[in-house]
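A quick write-up on the structure given underneath.
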Amino acid sequence: MAGCGVTHYSWEKGFDTHITDGFSHTRPDSFEHCWYSPKSIGRGMIRRIIIRDGFELWVTDFLFGRDTCFSFQGCPSFLLFGFYLSGHYEAVVGKPERELEFCSEHQYLLYMKKLDGFGEVKAGTQLRSVSIAIRPEMFFSYFEDDIGHLPSVFQRIFEEQDGSIFRRIRGITPSMHIALRQIVDCPYRGIARKLFLESRSLELMAYRLKHLSVSETTHQIREHVMHPGDRDRTEFAKNLLLSNLEAPPHLDELAAVTGMSHPKLNRCFRQMFGKTVFQYLKDERLRQARVMIENQGLTVTETAYSVGYSSLSHFAKAYKHHFGVSPGADCRRKKGC
């Protein structure tokens, strides 16, 4: 992919890259894998810790030196408790494709039956996260006869169809921060390490279940009355995006300049424009890309870079998904490219 290093992840082989000096892999314990980054991509590591069969812990501490694209396919169905301490990550998953954003100081509860897709991290991003991935049958094994006492919305998660995505987002609480720091700084080795990490993982899951209730779901879908000042700030954020499509500010930068939190900014965007900041940016990029192809005589490559895509394949895939025709076909039809 032009302009973007590509890293593939497969469940059987782990991480690999389309470059000579790919990720180096070590396995210090029978249950723990660790991948170290080549200098050409950045600095840091990604750990996969197998607590039990169907219960895994992922710890990422990575500074990206260049735009990096990840593709992942064939991953088993997991319930994911994700905690992002820093950085911003965007992904497209599922069929039909859905856009997901992961931002610092937020926790994500995510489930989908088929986890295939790709994501991208921008150069200069310090991505620090802890994720708990647990198979549904393993998760329910912790409750046995108490499954009926789980929040009602939680009991419906696994009834979704193959292409659907269950997602809930909240901020990271102080209690969660303590447990996350203990995971990152765990001093133990061997079986003591596995037991300690399992206990901290269960603690984080317990904190999340405490907040998952019908009232939370109602709060997330309830319409909020927007203050005139928030409307002005949201309009300002929209104009800032439109004037910098080729290199837009990250969500945390956009939130800071408008004086709003990430969730509030996204909520205001949904109310005013019917979509999140990421969805709005993607749609505007594609809309302007089609205008460029139809009216300005640019090639597909020139168009992709002009609207901020560093990967031609990602651009072509997004364009066809949005308009139902490839950019190359549009170019040939309109301008004889």
Side-chain angles (χ1 to χ4, degrees), residues 67 84 86-93 96-108 119-125 165 167-172 216-296 298 302-311 314-315 317-319 321-324 327 330:
D67 291 356
Y84 281 73
S86 70
H88 179 244
Y89 174 55
E90 298 174 355
V92 177
V93 298
E97 294 179 341
R98 309 287 181 83
E99 297 91 358
L100 302 178
E101 290 180 283
F102 301 93
C103 306
S104 62
E105 289 300 319
H106 285 78
Q107 50 162 316
Y108 298 81
E120 183 172 359
V121 183
K122 295 295 184 182
T125 299
I165 298 175
R167 184 171 62 152
R168 294 292 184 268
I169 307 171
R170 289 181 65 95
I172 298 177
E216 176 185 353
T217 305
T218 303
H219 172 76
Q220 288 187 349
I221 65 176
R222 185 173 62 238
E223 185 74 11
H224 294 261
V225 177
M226 189 182 299
H227 188 277
D230 291 339
R231 185 174 294 276
D232 292 340
R233 285 189 284 271
T234 304
E235 188 71 27
F236 175 77
K238 180 203 74 171
N239 293 333
L240 192 59
L241 286 177
L242 293 179
S243 61
N244 295 277
L245 284 182
E246 73 288 352
H250 289 174
L251 183 58
D252 54 352
E253 297 171 334
L254 202 61
V257 77
T258 58
M260 292 192 285
S261 65
H262 301 159
K264 183 176 181 179
L265 181 58
N266 266 328
R267 186 172 68 241
C268 290
F269 256 78
R270 285 193 188 98
Q271 284 189 240
M272 290 184 63
F273 310 116
K275 58 193 75 175
T276 65
V277 175
F278 176 63
Q279 291 167 339
Y280 183 88
L281 174 62
K282 179 182 177 182
D283 288 351
E284 282 300 311
R285 278 175 161 173
L286 294 173
R287 185 187 65 80
Q288 290 205 20
R290 197 169 210 189
V291 171
M292 290 177 179
I293 289 176
E294 292 182 345
N295 301 328
Q296 298 181 18
L298 296 182
E302 292 170 336
T303 300
Y305 294 154
S306 295
V307 297
Y309 276 85
S310 57
S311 165
H314 284 183
F315 170 68
K317 193 172 185 178
Y319 190 100
H321 179 72
H322 191 80
F323 296 116
D330 247 358

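A cation-pi arrangement is present between R285 and Y309, with the terminal nitrogen or guanidinium carbon under 6.0 Å from the aromatic centre and inside a 45° cone about the axis.
Of all heavy-atom pairs spanning G87 and T125, the tightest one is CA-CG2, 3.8 Å. When every heavy atom of P249 is checked against every heavy atom of N244, the shortest pair comes out as CD-CB, 4.4 Å. When all heavy atoms of E101 and F278 are compared, the pair lying nearest together is CD-CB, 3.0 Å.
Screening residues 244-261 for salt bridge (Lys or Arg N to Asp or Glu O under 4.0 Å), with sequence neighbours left out, gives no hits.
A side-chain donor-acceptor contact under 3.5 Å links Q107 to the backbone of G171. With hydrogens and angles ignored, the 3.5 Å screen pairs a side-chain donor or acceptor of Q279 with a backbone N or O of T276. Judged by distance alone, the side chain of D67 and the main-chain N or O of A123 form a donor-acceptor pair under 3.5 Å. Formation of a donor-acceptor pair under 3.5 Å by the H321 side chain with backbone atoms of Y319 is not found in this model.
Separating the OH atom in Y280 from the CD atom in E284 is a distance of 4.0 Å, to the nearest 0.5 Å. A distance of 13.0 Å separates CG of L251 from CZ of F102, quoted to the nearest 0.5 Å. In this structure, the separation between CD1 on I169 and OH on Y84 is 11.5 Å, given to the nearest 0.5 Å. T234 OG1 to F273 CZ: the interatomic distance, rounded to the nearest 0.5 Å, is 7.0 Å. Annotation: the span from K122 atom NZ to Y89 atom OH amounts to 13.0 Å, rounded to 0.5 Å. Atom CG of D230 sits about 9.0 Å away from atom CD of Q271, to the nearest 0.5 Å.
A salt bridge does not link E235 to R233: none of the charged nitrogens lies less than 4.0 Å from a carboxylate oxygen.
Between L281 and L242 the shortest side-chain heavy-atom distance does not fall below 4.5 Å. Side-chain contact between I293 and P327 is present, with at least one heavy-atom pair separated by less than 4.5 Å. In this structure, M292 and V307 have side chains that are in contact, with non-hydrogen atoms separated by less than 4.5 Å. The side-chain heavy atoms of Y108 and R168, taken from C-beta on, include no pair separated by under 4.5 Å. Side-chain contact check for H106 versus I172: every heavy-atom pair is 4.5 Å or farther apart.
Ring pair H88/H250 is tilted by interplanar angle, where 30° to 60° counts as tilted.
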Donor-acceptor pairs are to be reported for all side-chain atoms of residues 254-263 against protein atoms at under 3.5 Å, with residues two or more places apart or in another chain.
unit_1: T258; atom_1: OG1; unit_2: L254; atom_2: O; d: 3.0
unit_1: T258; atom_1: OG1; unit_2: A255; atom_2: O; d: 3.0
unit_1: S261; atom_1: OG; unit_2: K264; atom_2: N; d: 3.3

